[in-house]
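Model, not experiment: these values are computed from the prediction. Residue numbers start from 1 in every chain, and the chains themselves are labelled A, B, ... in the order their sequence lines are given, proteins ahead of strands.
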Amino acid sequence: MLRHQLRNSIGHICSIRFLKYHSTISSENVLQNRRHKTRPFSATVLVRNARKGSKQSFSNDRHLHGGSVESSIEVFKQSDLQHLKSLQCYDIQEKVSGGKTDCPATILVFDIETTGFSRRGDRIIEFAVRDLMGGKNSTFQTLINPEREVKNAAVHGISTKMVCSSDIPRFGEFIPILLQYVWSRQVAGKPVMWVAHNGKTFDVPFLIFEFQRCKQEMPADWLFVDTLPIARQLVDSDGEKISSASMKTLVERYKIPVDGKAHRAMHDVTALCYVLQKLTFELKLTVPQLLEKSFRVSDITTTPPKK
DNA sequence: GGCCCTCTTTAGGGCCTT
């Protein structure tokens, strides 16, 4: 039995366990040859200040532009982390010593906040991602300027005033920052596997439409995994399939001690990291099996967004 | 809007995401 054990940056102690490595799908199968190496994330993007006509520099350094772009955000309390550590079955630190693992993909857990549910009519206003491998700069989040009123601030607490500002990057300005982040995390010869809850019908189509609006193409070697259909395979104590597979239900099921505000992107990303760990352990899912369940942008049916 | 389930498949309703 070969285990893939990953470490994320949640206090450097969280782990994810995948049982039974018997891949029928290899990195080479899912990734076109690339020569990326893991690099420090130091994206610098010139963004024109629409109001002042000047140029500003964005990077992933902490607390830039009024906190709109941040890294390494801690959401869970240390006491809660100790509780979670006690639930682990092994010591992840040993398995990732040397900073290398045999995991066949770079796993990026992500979440977005939007102005609503319509992929065509609404826009992304916040993006957060966490590389399960952890380490320095493993997290990344930013507000995004939708250039329109935010009418659902009651849901996530993100107001029009917070995002419709010249110092908040528009999505087109965010894309090169995102690509630089991914580039800094991607391991040579291995694919990037994006993970989101209900990603196939929400997060990923939103990303696709935003890229289309900006006339940009998403990298062909990006794969996506939706945890919602996976979670729907869970059964309750009576052996019946669970009636709800929402994030709220899963957080309660696994007794994940969340802190902070739900429906903020990084909060939900951190919760999903724990859910993914518990989910894959309970269903005995390996990373190769997750890769087999993954889909590509080309698998999503889309029509051009309305302008 | 896509997916899943059932009282179904020539359909309808609920879930899930903000």
Side-chain angles (χ1 to χ4, degrees), chain A residues 75 108-130 141-164 168 171 174 194-213 223-236 238-254 256 258 260-276 278-279 283 290 292-306:
Chain A
V75 179
L108 301 178
V109 177
F110 80 105
D111 185 56
I112 59 174
E113 302 303 321
T114 69
T115 58
F117 290 123
S118 172
R119 63 189 68 174
R120 291 184 176 83
D122 290 304
R123 299 293 171 85
I124 296 174
I125 54 175
E126 188 177 42
F127 183 95
V129 59
R130 183 185 293 273
Q141 71 172 352
T142 183
L143 293 173
I144 296 171
N145 186 346
E147 299 180 289
R148 64 176 55 190
E149 183 182 1
V150 180
K151 297 181 178 179
N152 60 342
V155 174
H156 38 55
I158 302 172
S159 65
T160 304
K161 185 178 180 181
M162 290 170 63
V163 291
C164 291
I168 301 297
F171 198 87
F174 163 70
W194 294 90
V195 179
H197 197 65
N198 199 25
K200 190 165 188 177
T201 57
F202 187 77
D203 303 77
V204 178
F206 256 99
L207 282 180
I208 292 173
F209 279 121
E210 292 282 21
F211 269 76
Q212 286 181 352
R213 287 189 189 96
L223 306 174
F224 299 91
V225 169
D226 187 349
T227 51
L228 176 60
I230 297 174
R232 282 177 170 153
Q233 299 173 18
L234 294 170
V235 296
D236 57 22
D238 297 326
E240 301 291 332
K241 284 191 175 181
I242 58 175
S243 57
S244 170
S246 68
M247 275 299 294
K248 181 175 183 294
T249 299
L250 296 173
V251 166
E252 292 173 353
R253 177 187 181 94
Y254 294 126
I256 295 171
V258 293
K261 187 174 188 327
H263 291 305
R264 284 302 297 265
M266 185 53 77
H267 173 281
D268 292 350
V269 162
T270 306
L272 182 56
C273 286
Y274 282 98
V275 166
L276 179 64
K278 297 295 185 182
L279 189 60
L283 296 176
L290 285 179
E292 290 174 356
K293 295 177 181 294
S294 70
F295 59 92
R296 297 173 181 272
V297 168
S298 57
D299 297 322
I300 302 293
T301 303
T302 59
T303 55
K306 297 177 181 177

**Prompt:** Are A/V204 and A/W194 side-chain neighbours, meaning at least one heavy-atom pair lies under 4.5 Å?
**Reply:** no
**Request:** Can you tell me, in whole Å, how much space there is between the P of B/dT8 and that of B/dG12?
**Result:** 12 Å
Any N/O pairs under 3.5 Å between the protein and nucleotides 3-7 of chain B? List them or say none.
unit_1 : atom_1 : unit_2 : atom_2 : d
B/dC5  : OP1    : A/K241 : NZ     : 3.2

**Message:** Using a 4.0 Å heavy-atom cut-off, does A/I125 contact any base of the nucleic acid, only the sugar-phosphate backbone, or nothing at all?
**Reply:** nothing
**Message:** So, using salt bridge (Lys or Arg N to Asp or Glu O under 4.0 Å) as the criterion, who are the partners of A/E149 when residues are at least two apart?
**Reply:** none
**Item:** Nucleotide B/dT17, atom P - distance to CD1 of A/I124 in whole Å
**Value:** 16 Å
**Asked** Does the ring center of A/F127 lie less than 6.0 Å from the ring center of A/F174?
**Response** yes
**Request:** Round to a whole Å and report the spacing from CD1 of A/I112 to P of B/dT18.
**Result:** 8 Å
**Prompt:** Is A/F117 stacked on the base of B/dT17, with ring centres under 5.5 Å apart and planes under 30° apart?
**Reply:** yes
**Prompt:** Is there a donor and acceptor pair closer than 3.5 Å between the side chain of A/D203 and the base of B/dT17?
**Reply:** no
**Message:** Taking salt bridge (Lys or Arg N to Asp or Glu O under 4.0 Å) as the definition, give me every residue that meets it alongside A/E210, ordered by chain and number, with sequence neighbours left out.
**Reply:** A/R213
**Message:** If I pick the C1' atom on B/dT17 and the same atom on B/dG2, what distance separates them, to the nearest angstrom?
**Reply:** 11 Å
**Asked** Across the strands shown, which category fits A/D111 at heavy-atom distances under 4.0 angstrom: base, sugar-phosphate, nothing?
**Response** sugar-phosphate
**Message:** If the cut-off is 4.0 Å, is A/S246 near the phosphate of B/dC15, judged by side-chain N/O to OP1 or OP2?
**Reply:** no
**Message:** Are A/T142 and A/E126 packed together at the side-chain level, in the sense that at least one heavy-atom pair is separated by less than 4.5 angstrom?
**Reply:** no
**Asked** Counting side-chain heavy atoms from C-beta on, which of B/dT18, B/dG1, B/dC16 comes nearest to A/A245?
**Response** B/dC16
**Asked** Which part of the nucleic acid, if any, lies within reach of A/S244 when heavy atoms closer than 4.0 Å are counted: base, sugar-phosphate only, or nothing?
**Response** sugar-phosphate
**Request:** For B/dT9 versus B/dC16, give the span between their P atoms, rounded off to a whole number of Å.
**Result:** 24 Å
**Item:** A/D226 (side chain) donor-acceptor with A/K200 (main chain) under 3.5 angstrom
**Value:** yes
**Asked** How far does the C1' atom of B/dC7 sit from the matching atom of B/dG1, given to the nearest Å?
**Response** 24 Å
**Request:** Could you check which of B/dT18, B/dT17, B/dG1 has an atom nearest any side-chain atom of A/N198?
**Result:** B/dT17
